[in-house]
Amino acid sequence: MRIVLLGAPGSGKGTQAKKLMADKNIPQVSTGDMLREAVAAGTRFGLKAKSVMEAGNLVPDDVVLGIISERLAQPDAQDGFILDGFPRTRQQALDLEELLDQMGTPLDAAVLMDVDFDILLKRLTGRRTCSLTGKLLNVYFSPQEELDACTSAGGELIQREDDNEETISNRLEVYRENTEPLIEFYRKRGKLTTVDADGTIDEVYERFAAAL
Ligand code: AMP
């Protein structure tokens, strides 16, 4: 299964991709995660990407294409993948199409995670990662026991650098301008499936899995 996950920041793409990966054994390929790793590793390229990401802007298309083509050539991606956060521009979508044509492995579907704007904001401003387990949590939506389990075990609830209010509003604007048009792009190619992504993680996952 080769799928693209579309949706605004905070629509739950990463969370749902991780669940699908665990369930169906298909790798989640997140350009955001790969870029954050490069930043954390302090590579020259990571240092360049850092300020772009902190402002909530997009890293150049050719850079992201380089990362993606390397990743999709790895053995674990040969039987399928879930693209999370890529493509984000029309150029990236065209590049992906060309890459998959060359590989002879066309995309099966583009799944849009559809969420109301006020829920997006709460998901983004409330999002935290447990420093001990890496578990994704949310101060508004996660059960209090799960939040407490992290802190009482000595963990910290860490907020992403780009999850502050100013950057969030820019990321949403960048999404509207650059990425939202991809909904039409995939609709025209007959690949678009929309999932109602309001609800608990399990509710959304049920709809997501049913849509595939
Ligand atoms: P994400 O974790 O998907 O929200 O991505 C975090 C940040 O990484 C974005 O705000 C961008 O700065 C950068 N990024 C991730 N994926 C892409 C992409 N496909 N194209 C350009 N920039 C990206």
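Nothing here was measured: the structure is a model prediction, and the numbers come from that model. Both backbone and side-chain heavy atoms feed into the values below; hydrogens, waters and symmetry mates do not. Order of appearance sets the numbers: ligands from 1, and atoms from 1 within every ligand.
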Give me the other members of the hydrophobic cluster that Met1 sits in, counting Ile, Leu, Val, Met, Phe, Trp and Tyr linked by side-chain heavy atoms under 4.5 Å, directly or via other members. Ile3, Leu5, Leu20, Met21, Ile26, Ile82, Val111, Met113, Val195, Val204, Tyr205, Phe208, Leu212
Apart from Val174 itself, members of its ILVMFWY cluster (side-chain separation under 4.5 Å) are Leu58
Pairs meeting criterion salt bridge (Lys or Arg N to Asp or Glu O under 4.0 Å) with involvement of residues 165-176, two or more places apart: Asp162-Arg171, Asp163-Arg171, Glu173-Arg176
Without swapping roles, check the side chain of Arg88 against the backbone of Asn178 for a donor-acceptor pair under 3.5 Å. no
Could you check if a side-chain atom of Thr133 sits within less than 4.5 angstrom of a side-chain atom of Cys150, using non-hydrogen atoms only? no
Rounded to the nearest 0.5 Å, the CG atom of Asp84 sits from the CE atom of Met34 at a distance of 9.5 Å
So which protein residues pack against ligand 1 under 4.0 Å, heavy atoms counted? Thr31, Gly32, Leu35, Arg36, Met53, Asn57, Leu58, Val59, Val64, Gly85, Phe86, Arg88, Gln92, Arg160, Asp162, Arg171
